[in-house]
Amino acid sequence: MLVFEFLSTFASYHCDIESMKKVLILGWLCAFFNIVAAQDNTSWATYYEQLSDLESVESESWEQGYELLDELSQHPIDLNHATREDLEQLFFLSSQQVEELVEYIDKYAPIHSLGELAMIESLDYNRRKLLSFFVTIGDDKNKLAPTISDILKYGNNELILTAKIPFYERKGDQKGYLGYPYKHWAKYTFSYGQQVKAGLVASQDGGEPWFAGQNKWGYDYYSYYLQLKNFGNLKSLVAGRYRLKFGLGLAINRDFGFGKIATLSSLGNTSNTIRAHSSRSEANYLQGVAATVRLIEGLDLTGFVSSRKIDGTLSDDSTSISTIVESGYHRTLTEMGHKHNTSQWMAGGHVQYFTNGFHVGLTGLSSGLDRELCPNTNQLYRKYYPSGKQFWNLSADYGYISRRLSIQGETATSDSKALATINTVSYQCTSTWSFTAIQRFYSYKYFSLFSQGFSDGGHIQNESGIYMGMQWKPLKLLSLMAYVDYAYHPWATYYTSFSSNAWDYFLQGEYQSSNWRVQARYRLQRRQKDNNEKTALINENTHRGRISVEWNNGSWVAQAQTDLAYCLNNMKSFGYLLSTNVGYQHKDIQVYANVGYFHTDNYNSRLYTYERGMLYSFSFPVFSGEGVHGAMNLRWDVNNSWMLMAKLSSTHYLDRKQIGSSYQMIDGNTQTDIEIQARVRF
């Protein structure tokens, strides 16, 4: 195929700029027109990418969501023993779909085949296909609690070792970083179905010391946990590092949240979760013990306590903290000085009653720091940032779920005496048409150190708005998705010195058959920002579009994609990305390659694309400027125990001689990395 000639040409780099651009565009056109029909083998990662928007991709929560699904794909849920809480982890399912699944399992278990899911009306073909990656069929419904000997005898062990090796040198590698440039991590997991899980994660970023300096115990970061689920009246217990989410995240959400596209796709699915922190993220977790107990049928009580060290920027006399640092980097003397210099504690509980589709819950928590939190309030938008040593939050969540209707809400307050509330309604009008509406009001005085939820500005503070979206399937093979969102910020924001508003419009159409997937999407974001003199507000309009065509046949997959961005404020900024992906899968071997040419006027018109990464790793590079990016991923499942994987990725810039700045600066225009991974199960 001409696609391979194109990839070969890219790899050689032996062409001038103009001929390279012509070859890249030719390759994209070849991939576009050489697509032939076959069967569908779309992976869950492909679907996950379709739910992306730029704000979500650039947030840590998106990567954490990816890790959750990756983990569930490795350790699927047994449908015959699944609880509502188990199924609510699958955020691509709506509340109504979860409710129908629970009812079907209660009535007809044991389920003998995933084909039975076709009996659930609200589950379309794509959702059933996606669900198959994360569930399995057990033997019977009445399963006794396992004994310790059963757990030890039949439990599964998994060890993953991963390393990333750069073929370049950053300025900090020469002078400034405390360690070597290689990134590596190890992850051990012991699991017995969904009932028992224990693990240890060790991670090291490039530039951080290893068995040296302040990291005398080896890795820069460790996470450890033990999780038990569904042992009689004990619904869930986690000891070690864990995450929490209750209601819609106004009081506490240390798990993850998603953007507006994923929210529409899941029709406002919300869940209360206690989950082990098995991620390499050095922020957004708690440390201690959390447990949920069933008091009586429908009434659950959760308690949690946490004490951990966090990173912070201290005042000159070290008596107060100005900023809580969540990057997790400890590469330089300054970054290492931030490491674990502040203690944070938190304790609280949640009680919920669920009956006949109705539910109501109450969350309360108290938290504190060993130093006074004193943010810099010289900038107007920081005036109402949280400050002090001790904090409390209280919230009530409520709702009703049926096969067609889902109503969810949460209202919260804090020691600021301010209010935050969010309320959603989703209605499955017909099997082909659904509607979602979300109203929120977050006072500019409200704050919580642990909140995360639906918003336009990224914070549960200083925002009110209304979101309306719909999904419609006018034809068997054609689906449409659209939303409009309006947000009002009564106080100053990072970009504005006055009250401001923002509009967000989105439209997507997708044609999918057993042979093809053709997708087109368009998004317009209109935000107000300060003018250069900061005397008035001006509108910034950002247009983004995508056209994607994909074909696969169980062995081969090919995709051609065009991404466009146009930003208009004080100046115009335009960018485009032409990319193509090809892959081959045969028995125990998988090979995937992608290549793209990008050209943007500046960072405002930046573009991004998904590419396959290592297990439990999220790869969604963002591009600006002009250049070429390519990657190749190889996986070999040696046998039932061993798996080997390698990835080579490279970005070659055509508009610069240096990449990055400060310690991250590379003296050259090419950035190439190789990642290697080994997994063994025993």
Side-chain angles (χ1 to χ4, degrees), residues 10-11 13 16-17 20 54 57-60 63 162-185 203-210 212-215 220-221 280-283 311 313 323 325-339 494 565 567 571 573 575 577 595-609 611 613 617-631 647-675:
F10 162 74
Y13 284 114
D16 57 30
I17 293 175
M20 181 181 290
L54 190 59
V57 167
E58 294 181 340
S59 73
E60 187 178 280
E63 183 168 357
T162 307
K164 183 176 183 179
I165 304 169
F167 288 87
Y168 50 85
E169 189 175 52
R170 293 187 171 97
K171 181 179 179 181
D173 299 326
Q174 302 170 357
K175 185 178 181 181
Y177 288 159
L178 303 174
Y180 50 73
Y182 311 112
K183 178 178 181 178
H184 53 94
W185 56 271
S203 178
Q204 189 83 12
D205 289 310
E208 295 175 338
W210 193 48
Q214 199 166 329
N215 291 340
D220 181 73
Y221 165 78
R280 288 169 286 120
S281 169
E282 299 188 38
D311 296 1
T313 303
T323 307
V325 180
E326 297 187 337
S327 67
Y329 289 126
H330 306 115
R331 302 162 298 183
T332 66
L333 288 173
T334 300
E335 291 175 348
M336 189 60 77
H338 296 156
K339 184 177 181 178
Y494 180 77
C567 182
M571 61 181 67
S573 176
L577 167 65
V595 65
Y597 169 74
F598 58 91
H599 190 292
T600 76
D601 294 335
N602 53 45
Y603 189 72
N604 288 337
S605 54
R606 62 195 179 278
L607 295 156
Y608 59 97
T609 184
E611 65 184 28
S617 295
F618 183 68
S619 185
F620 221 121
V622 181
F623 306 107
S624 63
E626 183 183 12
V628 184
H629 174 80
K647 177 184 176 182
L648 176 68
S649 63
S650 181
T651 304
H652 180 70
Y653 288 91
L654 305 174
D655 62 342
R656 67 195 72 176
K657 295 182 178 180
Q658 291 180 335
I659 303 173
S661 60
S662 188
Y663 287 131
Q664 290 290 93
M665 188 185 73
I666 301 170
D667 189 15
N669 63 350
T670 301
Q671 183 174 351
T672 302
D673 299 272
I674 187 170
E675 295 177 80

Supply the atom-to-atom distance Y329 OH to D220 CG, rounded to the nearest 0.5 angstrom. 11.5 Å

Take D673 and Y168, measure what side-chain hydrogen bond (donor to acceptor under 3.5 Å, both in side chains) needs, and give me the verdict at the end. CA-CA 8 Å; D673 299 272; Y168 50 85; 2.7 Å; yes

Evaluate Q214 against H330 for side-chain hydrogen bond (donor to acceptor under 3.5 Å, both in side chains), listing each step before the verdict. CA-CA 10 Å; Q214 199 166 329; H330 306 115; over 6 Å; no

Atom OH of Y494 with >12 non-hydrogen neighbours under 6.0 angstrom: no

Given Q664 and Y177, is the side-chain hydrogen bond (donor to acceptor under 3.5 Å, both in side chains) satisfied, shown in steps? CA-CA 10 Å; Q664 290 290 93; Y177 288 159; 2.4 Å; yes

How far apart are the C-alpha atoms of E282 and D205, what are their side-chain angles, what is the distance that settles it, and do they pass the side-chain contact (heavy atoms from CB on, under 4.5 Å) test? CA-CA 11 Å; E282 299 188 38; D205 289 310; 4.0 Å; yes

Nearest heavy-atom contact between R656 and N669 is O-CB, 3.1 Å

Parallel, tilted or perpendicular: which describes the rings of H184 and W210, with under 30° parallel and over 60° perpendicular? perpendicular

Is the count of non-hydrogen atoms from other residues, nucleotides or ligands lying under 6.0 Å from Y221 atom OH greater than 12? yes

Just by distance, do the side chain of H629 and the backbone of S650 share a donor-acceptor pair under 3.5 Å? yes

Is there a side-chain contact between E326 and D311 (heavy atoms, below 4.5 Å)? no

Minimum heavy-atom separation for S649 to E611, with atom names? CB-OE2, 4.2 Å

Which atoms form the tightest heavy-atom contact between P209 and Q204, and what is the distance? O-NE2, 2.6 Å

Close side-chain approach of F167 and T670, heavy atoms under 4.5 Å: no

To the closest 0.5 Å, what do you measure between CD (E626) and NE2 (H599)? 4.0 Å

Rounded to the nearest 0.5 Å, what separation is found between the CZ atom of F598 and the CG atom of D655? 7.5 Å

Can you tell me how far the CH2 atom of W185 sits from the OG1 atom of T162, to the nearest 0.5 Å? 3.5 Å

Give the minimum heavy-atom separation between T600 and L607, together with the two atoms involved. CG2-CD1, 4.0 Å

Result of checking N602, D601, N604 against S573 for side-chain hydrogen bond (donor to acceptor under 3.5 Å, both in side chains): N602

side-chain contact (heavy atoms from CB on, under 4.5 Å) for N215 and K339? Distances and angles first, verdict last. CA-CA 11 Å; N215 291 340; K339 184 177 181 178; 2.7 Å; yes

Which distance, rounded to the nearest 0.5 Å, do you find between the CD of E335 and the OG of S327? 6.0 Å

Which value, rounded to the nearest 0.5 Å, describes the distance between S617 atom OG and K647 atom NZ? 8.5 Å

